[in-house]
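Here is the structure we will look at, set down as structure tokens.
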Amino acid sequence: MRMAIEPRMWRELGLSDEEYQRIVEAIGRDPTPTELAMFSVEWSEHCGYPRSRPLLALLPKEGKYTSPVEGGDAGGIEAAPGLTVLFKMESHNHPSQVEPFQGAATGVGGIIRDIFTMGARPIAVLDPLRFGELDQPMARYLFNGVVKGIAFYGNCLGIPTVGGELQFDDAYRGNCLVNVMALGVVRTDKIVSGRGTGVGNPVIIVGNSTGRDGIGGASILASHELAEDDEKRPTVQIGDPFTEKCLIEACLEALETGAIVAMKDMGAAGITCTTCEMSAAGGCGMDVELQKVPRREPGMEPWEILMSESQERMLLVAQKGKEDEVLGIFRKWGLNAVVIGQLTGDGLLRVRDNGEVVAEVEAKKLAEPPVYHLPAEEPAYYRACQAWDPSGLPTPKDMTAVLRDLLSSPNLASPEWVYRQYDHMVQTNTVVLPGGDAAVLRLKGYRQGIGVTADGNGRYCYLDPYLGTQLVLAEACRNLVCVGADPAGVTDCLNFGNPEKPDRFWQFKRSVEGLADACRFFELPVVSGNVSFYNEAADGAIYPTPVLGVVGVLEDVRRHCTAGFKRSGDVILLLGKTRDDLGGTEYLKHVHGLVTGRPPALDLDLERRVQRTCLEAVRAGLCASAHDCSSGGLAVALAECCMWGDTGARVTLPAGETEVRLDARLFGESPSRILISAAPDNAEKIREIAGRHGAPLELLGAVGGDSLTVLADGEPVIAAPVAELKKLWRSAIPRLMEG
Amino acid sequence: MATARVIITLKKTIMDAQGQTVEKALHNLGYTGVSNLRIGKYVEMTVEGRDQERVEEMCRKLLANPIIEDFRIELEE
Amino acid sequence: MATARVIITLKKTIMDAQGQTVEKALHNLGYTGVSNLRIGKYVEMTVEGRDQERVEEMCRKLLANPIIEDFRIELEE
Amino acid sequence: MTATAGKLRFGIVVFPGSNCEADTWHAIHDEMDAPVEYVWHEETNLDGYDCVILPGGFSYGDYLRTGAVARFSPVMGAVQEFAAKGGLVLGICNGFQILLEAGLLPGAMLRNAGQKFVCRYLHVRVETTDTPFTREMTKGAVLRIPIAHGEGNYYADPDMLAEMKEHDQIVFRYCTAEGESTPEANPNGSLDNIAGVCNRDRNVLGMMPHPERCTDPILGSADGRLVWESLLEVSRGDS
Ligand SMILES: Nc1ncnc2c1ncn2[C@@H]1O[C@H](COP(=O)(O)OP(=O)(O)O)[C@@H](O)[C@H]1O
Ligand SMILES: [Mg+2]
């Protein structure tokens with residue numbers, strides 16, 4: 001019984017008429033419904049990146065650290081001799097908007113599979129999150145559900161969630177951003193590939209059974225009665241962390257046997273994606289029987305089995321003759337494991353249903369979607385924002401009140417409410433716990449350690465996607481040098497609107513160009529990444545929000561540094577310079593209700609000089625604390641150092657800033673600035689290092705007392721007891737969330 | 001005053017990992033005759049008046065997530 | 001074949017913090033008439049034969065923890 | 001109990017959903033330099049071990065109730081026998097929950113009063129040094145140690161509690177840095193700030209805090225060493 005293909009079908013599957021023609025040309029005949037479904041997912045933006053690929057090609061693949069992986073699910077850098085840290089970030093925005101708990105939970109599950117599929121043991125998770133403003137009940141509901149979902153899944157797996165990010169803005173009201181980054185470690189010579197090789201080798205599916213989850217768009221292929229019965233096809237996927245935990249252990253144990261040739265996790269479009277990509281990457285063919293796939297529900301049609309996005313499943317290729325050993329390991333862990341076919345030499349992906357061939361296409365054709373060069377057009381708002389002049393902006397009288405106000409805004413308040421709910425210490429590697437600039441992890445058995453951070457700034461990127469993205473990268477790297485880690489590699493999660501709208505595509509294009517240029521400058525490879533388009537709700541697109549995860553290397557993990565002031569009497573130094581940078585700041589938005597201006601100017605060369613100074617000083621053990629100035633500017637950074645250290649400080653703003661407005665001196669977000677505290681004896685040595693790197697360094701004051709006091713031109717402009725500030729800062733999010 | 005009892009279960013088509021694990025555990029304990037085990041939530045509360053619709057509203061809004069869960073209400077004076 | 005429905009609730013003497021949290025959330029949503037809200041677990045399964053005692057045994061052994069929980073069983077063909 | 005000459009031999013039980021077994025192994029093997037092996041949950045023979053540890057994690061996903069399913073795994077029969085013969089059994093976090101479910105320790109766990117998973121460093125006070133797990137500590141001493149759990153709200157009925165007090169079975173209580181057991185120092189609503197209890201024979205201990213997470217000062221505290229040192233002292237005492 002073969003269904004005729006009608007235009008309605010490919011259109012509803014998201015294929016254009018031209019694309020359909022290309023498919024017909026590629027295979028030399030009309031596709032079967034099953035084949036059509038397979039092409040539609042492989043050629044979708046989600047799997048095939050036809051719209052973003054040309055730009056992503058700009059991103060550098062190499063930097064100063066070895067990045068040993070080419071074309072895997074995740075990439076990485078060699079952090080210690082023979083040891084690779086693999087990492088990747090991915091979005092689960094739309095599923096989380098629909099069902100925050102499960103959406104976020106399965107987001108964690110998916111990104112973790114990308115890591116262990118390459119043979120790495122997952123060691124950490126980070127979760128950059130963005131929602132609407134917390135005075136909205138919907139935003140609270142989503143935020144609460146997402147955090148619970150991440151905690152549910154990550155805690156059960158025993159993978160620490162060591163960092164993340166939190167931003168609340170109306171731009172994300174109808175489309176939250178839930179990005180998840182995962183890291184894993186693997187011996188460089190043991191990295192597993194997704195390339196199917198060896199004709200006759202068995203293809204094995206392991207893990208959860210396959211159900212009708214997440215089939216979504218493809219349901220157009222259903223026979224009429226089924227299509228009506230929407231209930232039968234849950235589009236929400238449900239996470240089962242216990243099974244995933246067993247899957248991790250079983251896969252890693254199976255790899256130990258040496259009998260595994262290739263491994264691939266099932267994400268979007270499940271079996272279709274894995275069988276196709278494994279064949280294409282290995283230059284082989286594959287012959288699989290769908291009736292062998294363990295299914296959860298009776299009567300599933302071939303395309304349903306192929307498209308299903310049921311979670312916690314993997315596809316393996318084993319060495320012929322060793323399958324029983326492999327299957328035995330999965331059974332020991334209580335998991336399904338079934339041989340569903342074998343590799344062939346003809347390059348064809350052949351799918352059978354009870355022996356009958358339901359799809360037979362060249363894997364390479366499926367895996368090579370067309371490429372589109374979309375038009376880009378500068379949006380109308382851009383010029384207006386660039387032209388904004390801050391001189392008309394009133395300067396507030398009471399700067400202490402502004403500081404209090406900023407510290408109790410959810411965007412700057414302590415994210416403790418979130419990370420307390422995550423097990424961030426399991427695996428006993430977390431040397432610097434969440435809450436500071438970056439997490440530091442030890443690598444058991446090695447002197448080296450790694451630092452990791454995730455950063456984004458939708459407002460900057462909205463105002464100037466090229467500069468904004470560079471500012472994000474600069475900040476992430478600055479966070480790393482503050483803990484003593486040398487930035488080594490980048491992963492990105494590019495969250496944008498509909499790329500078919502030229503103004504949105506312009507944002508994407510400029511952002512990727514900015515990222516590429518800055519990565520080249522800092523000699524950083526982009527080892528992996530993810531594009532999430534179509535982040536738009538009824539009332540418009542989100543801010544263009546590239547989120548970057550950066551991993552750095554500590555030569556000696558014991559030589560790390562944290563952000564809180566430590567000892568009374570330590571001197572406080574500022575690396576870098578403060579300029580009149582109010583555009584796009586948290587202060588401008590929160591206090592004046594404005595999202596406009598040019599984001600702070602970035603001098604890449606100065607940034608590098610500041611970072612090198614900080615890194616050298618921390619590595620030499622000269623710093624008692626180091627913390628970068630970012631959102632909220634110098635005043636907020638000072639307050640954070642005090643609150644983390646439970647101590648006061650008395651500082652004087654640098655004298656040479658006379659042309660800078662007072663609010664910009666306190667709350668402006670000039671990049672390339674780091675606050676360091678040090679024993680007075682070490683100050684000279686730090687000055688020497690700064691001098692050698694050509695980085696500006698100012699003495700601001702000293703640690704001590706119970707209050708934060710900031711003087712400008714001889715006058716106190718901020719004075720507040722640290723305990724009081726800390727109370728505001730810590731209670732802001734709980735107060736909104738718990739009522 | 002009435003007592004409302006609400007039973008919230010995952011939709012039939014959605015995988016119930018919890019239920020499967022518990023079913024397996026019962027089999028291991030020798031209760032092999034058990035099948036189709038599914039786990040849900042139970043909520044009991046006192047409400048003012050016997051207003052079925054109001055309780056349904058609470059379920060839709062807060063107690064259950066209609067995208068993945070079904071609910072049943074029993075109201076009793 | 002019979003269907004067993006088991007409702008497991010915390011003993012009355014034990015404070016139900018989850019129930020209180022949900023009750024407060026309902027009040028915040030404007031459902032101020034709700035009180036005494038308590039949350040429990042619901043287990044539904046197919047069992048062979050209509051053997052109340054066997055189901056009770058399963059409850060005592062696995063489904064409920066008698067130190068903190070009570071259970072109720074409904075059996076139906 | 002037959003402690004082999006030299007060091008105590010540890011066995012760490014691995015349930016499919018355990019996730020602190022490797023941390024515990026690392027603490028004992030690499031930090032304390034003591035012999036330790038994993039014991040798969042299907043094992044029924046614990047001969048050759050002096051101390052069996054049930055580690056943290058989510059044994060069987062902790063679906064239904066924490067520890068409820070794990071309690072019936074094959075190894076637990078052996079743990080019962082092992083304990084009855086006087087073998088040392090230490091349950092950490094999920095291991096504690098399993099020991100409660102198995103009836104090896106009195107009481108039960110409820111969800112945290114705050115309804116949320118809580119991961120943090122906090123303080124516990126040593127309430128008794130009359131156990132093999134705490135003999136190297138000082139009564140009243142305050143340890144800085146991490147917790148990470150969603151169900152650590154310890155409950156026992158009044159009779160049970162009275163009996164436990166009478167037999168000095170409360171081993172750790174949550175407290176402030178200064179050693180006060182205040183409600184604010186209680187992270188999960190536990191009855192009487194209880195963080196760890198032992199059985200009447202004193203050879204089975206359950207504790208919610210994780211000593212294996214603070215065995216190396218680089219992780220913020222090394223107070224957890226005291227648990228391992230106490231245990232290792234046992235074998236020295238016996239040999
Ligand atoms: N969603 C989250 N999950 C876990 N940790 C978080 C989350 N949001 C923020 N944090 C942690 O809080 C700290 C401060 O975050 P942030 O203000 O974004 O730092 P920065 O401005 O230095 O990048 C970091 O250690 C970060 O990892
Ligand atoms: Mg920072």
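Letters go in sequence order (proteins before strands), and every chain restarts at 1. Bear in mind the structure is a predicted one, so any value in this text is a computation, not a measurement.
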**Message:** Does this structure show an ion pair linking A/Arg558 with D/Asp216, if we count only N-O contacts that are shorter than 4.0 Å?
**Reply:** yes

**Request:** Report the distance from atom NZ of A/Lys332 to atom CD of D/Glu42, rounding to the nearest 0.5 Å.
**Result:** 8.5 Å

**Fill in**
Under 4.5 Å to a heavy atom of chain D? For A/Val147 that would be neither

**Request:** Would you check if the side chain of D/Asn19 reaches a backbone N or O of A/Cys156 as a donor-acceptor pair within less than 3.5 Å?
**Result:** yes

**Asked** Is the CZ atom of D/Arg144 crowded by more than 12 outside heavy atoms at less than 6.0 Å?
**Response** yes

**Asked** Any side-chain heavy-atom pair from A/Gln427 and D/Asp23 closer than 4.5 angstrom?
**Response** yes

**Item:** Distance (rounded to the nearest 0.5 Å) between A/Asp240 CG and D/Tyr63 OH
**Value:** 4.0 Å

**Message:** When you compare the side chain of A/His560 with that of D/Ile218, does any pair of heavy atoms fall below 4.5 Å?
**Reply:** yes

**Request:** Determine, for D/Asp30 against A/Lys444, whether the closest basic-nitrogen to carboxylate-oxygen distance falls under 4.0 angstrom.
**Result:** no

**Asked** A/Met425 and D/Cys119: which non-hydrogen atoms are nearest, and at how many Å?
**Response** CE-SG, 4.0 Å

**Prompt:** Taking the six-membered ring for Trp, are D/Tyr60 and A/Phe242 parallel (under 30°), tilted (30 to 60°) or perpendicular (over 60°)?
**Reply:** tilted

**Region of A/Glu738 that comes under 4.5 Å of a non-hydrogen atom in chain D** = side chain

**Item:** Within 6.0 Å of CG in A/Asp646, more than 12 heavy atoms from elsewhere
**Value:** yes

**Asked** At their closest point, which heavy atom of D/Tyr121 faces which heavy atom of A/Leu433, and how far apart are they?
**Response** CD1-CD1, 4.2 Å

**Request:** Would you give the length of the straight line joining atom NZ of D/Lys116 to atom OH of A/Tyr422, rounded to the nearest 0.5 angstrom?
**Result:** 12.5 Å

**Item:** Contact origin within D/Ser59 toward chain A - heavy atom pairs under 4.5 Å
**Value:** backbone

**Request:** Could you tell me the separation between the CG atom of A/Asn429 and the CZ atom of D/Arg213, rounded to the nearest 0.5 Å?
**Result:** 11.0 Å

**Item:** Heavy-atom proximity to chain D below 4.5 Å, by part of A/Ile159
**Value:** neither

**Prompt:** Given that the side chain runs from C-beta out, which part of D/His26 has a heavy atom under 4.5 Å from chain A: side chain, backbone, both or neither?
**Reply:** side chain

**Complete:** Separation between CG (D/Leu219) and CZ (A/Arg442), nearest 0.5 Å, reads 4.5 Å

**Complete:** CG (A/Asp423) and SG (D/Cys20) are apart, to the nearest 0.5 Å, by 7.0 Å

**Message:** I need the minimum non-hydrogen distance between D/Phe58 and A/Asn155, along with the two atoms involved.
**Reply:** CE1-O, 3.1 Å

**Request:** Measure distances from D/Glu31 to the heavy atoms of chain A and classify the residue's part below 4.5 Å as side chain, backbone, both or neither.
**Result:** side chain

